[in-house]
Novice: 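Sharing a structure with you now.
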There are 2 protein chains.
Amino acid sequence: MAYGNALTALADPTRRRIFERLRKGPRPVGKLAAGLPVSRPAVSQHLKVLKEARLVHDEREGARHVYSIDPKGLGQLRAWLDQFWDSALDAFRAEVEKTAGKENSK
Amino acid sequence: MAYGNALTALADPTRRRIFERLRKGPRPVGKLAAGLPVSRPAVSQHLKVLKEARLVHDEREGARHVYSIDPKGLGQLRAWLDQFWDSALDAFRAEVEKTAGKENSK
DNA sequence: GCTTACCGTAAGTCAACACTTACGTTAGGT
DNA sequence: ACCTAACGTAAGTGTTGACTTACGGTAAGC
């Protein structure tokens with residue numbers, strides 16, 4: 001149930017903005033916090049949550065802590081989501097056939 | 001930004017349990033609430049959130065309200081996630097090459 | 001028509017959590 | 001050695017939201 005942490009992590013809008021910024025490449029905390037409407041410590045706390053969800057991982061470069069996207073949590077989340085995707089497609093097909101049946105019976 | 005609602009909806013554990021039950025097929029509210037550690041009105045409120053996120057849709061059968069998985073929200077969420085999946089793979093490849101380079105230079 | 005399932009909604013409560021400011025730590029520059 | 005930059009963490013606060021009980025509405029059975 002590791003995808004649970006990933007979902008709760010990505011549920012927060014600020015955390016999503018941080019995560020989306022990392023999509024363009026690795027960034028230190030200061031760069032990530034710049035432009036965001038919250039303080040830098042808030043960004044650190046968000047990064048901690050993202051890290052525990054295996055969505056990001058950090059790497060120290062001297063005084064800087066450079067964060068980047070971690071494929072692990074992303075992969076687990078995608079795998080969980082694909083479960084539903086398949087059954088949703090099946091349900092969709094069934095729905096179409098049922099509706100088509102109604103249309104034909106008119 | 002429709003995926004935002006889907007993420008906040010799936011962030012809640014109880015809502016995930018409801019959603020996962022719907023994976024096995026359409027269910028009325030009573031069946032979904034049975035076995036869950038929360039009251040039936042709570043399940044109704046959760047279903048409302050899932051519905052607004054386009055993750056489920058309901059259909060009235062007399063007094064019953066039968067809920068089933070809606071592919072719309074699921075598709076939007078998957079599309080958003082795939083954005084990161086691609087860049088995460090690129091980053092992963094770059095990381096592997098960088099690490100391999102270090103290994104060779106030893 | 002009356003009762004009984006089956007639901008959704010309103011109102012209120014309590015805990016989680018997203019913020020803030022203040023502080024401690026580490027690394028680099030002069 | 002001192003200062004500064006770049007962080008993480010601790011502690012406290014306000015608000016969101018996940019629950020409860022109570023109530024109103026609709027459809028089916030007798």
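From a predicted model like this one, the values you see are computed outputs, not experimental measurements. Every chain is numbered from 1, with letters handed out A, B, ... down the list of sequences.
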Novice: Going by atom types only, do A:T14 and A:H46 share a side-chain donor-acceptor pair under 3.5 Å?
Specialist: no
Novice: Considering just the side-chain nitrogens and oxygens of A:H65, establish if one lies under 4.0 Å of OP1 or OP2 belonging to D:dA6.
Specialist: no
Novice: Below 3.5 Å, does any donor atom in the side chain of A:R40 face an acceptor in the base of D:dG8, or the other way round?
Specialist: yes
Novice: Can you tell me how far P of D:dA6 sits from CZ of A:R64, to the nearest Å?
Specialist: 6 Å
Novice: Starting at CZ of B:R60 and ending at P of D:dG25, how long is that distance when rounded to a whole Å?
Specialist: 14 Å
Novice: Between B:L50 (CG) and C:dC7 (P), how many Å, whole number?
Specialist: 16 Å
Novice: Would you confirm whether A:R15, through its side chain, and A:A9, through its main-chain N or O, come within 3.5 Å as a donor-acceptor pair?
Specialist: yes
Novice: Heavy atoms from C-beta onward define the side chain here; which of C:dC7, C:dA18, D:dT9 lies closest to that of A:D12?
Specialist: C:dA18
Novice: Pairs of donor and acceptor atoms involving the side chains of residues 36-45 of chain B, under 3.5 Å and at least two apart or interchain, shall be tabulated with distances.
Specialist:
none

Novice: Starting at atom CG of A:N5, determine the distance to atom P of C:dC17, rounded to an integer number of angstrom.
Specialist: 11 Å
Novice: Could you tell me whether the phosphate oxygens of D:dG8, OP1 or OP2, come under 4.0 Å of any side-chain nitrogen or oxygen in A:Y67?
Specialist: yes
Novice: Examine D:dT20: is either OP1 or OP2 under 4.0 Å from a nitrogen or oxygen in the side chain of B:S39? Give yes or no.
Specialist: yes
Novice: For a quick test of reading the model: is some side-chain N or O of B:R15 closer than 4.0 Å to OP1 or OP2 of D:dG17?
Specialist: no
Novice: Distance check, rounded to the nearest 0.5 Å: A:F84 atom CZ versus B:L74 atom CG?
Specialist: 8.0 Å
Novice: Tell me whether the side-chain N/O atoms of A:T14 come closer than 4.0 Å to OP1 or OP2 in C:dC19.
Specialist: yes
Novice: Where the side chain of A:V29 is concerned, which of C:dA18, D:dC7, D:dA18 is the nearest nucleotide?
Specialist: D:dC7
Novice: Does B:S44 make a side-chain N or O approach to OP1 or OP2 of C:dT9 shorter than 4.0 Å?
Specialist: no
Novice: Side-chain N or O of B:H46 versus OP1/OP2 of D:dG17: is the shortest distance under 4.0 Å?
Specialist: no
Novice: Is there a path of hydrophobic side-chain contacts, each under 4.5 Å between heavy atoms of I, L, V, M, F, W or Y residues, that connects B:L22 with B:V49?
Specialist: no
Novice: Specify the separation, in whole Å, of atom CG of B:L47 and atom C1' of C:dG8.
Specialist: 11 Å
Novice: On DNA chain C, nearest-nucleotide positions of A:P37 versus B:K48: which is more 5'?
Specialist: B:K48
Novice: Can you measure B:D58 atom CG to C:dT9 atom P for me and round it to whole angstrom units?
Specialist: 10 Å
Novice: Quick one: which of C:dA27, C:dC19, C:dA22 gets closest to the side chain of A:A63?
Specialist: C:dA27
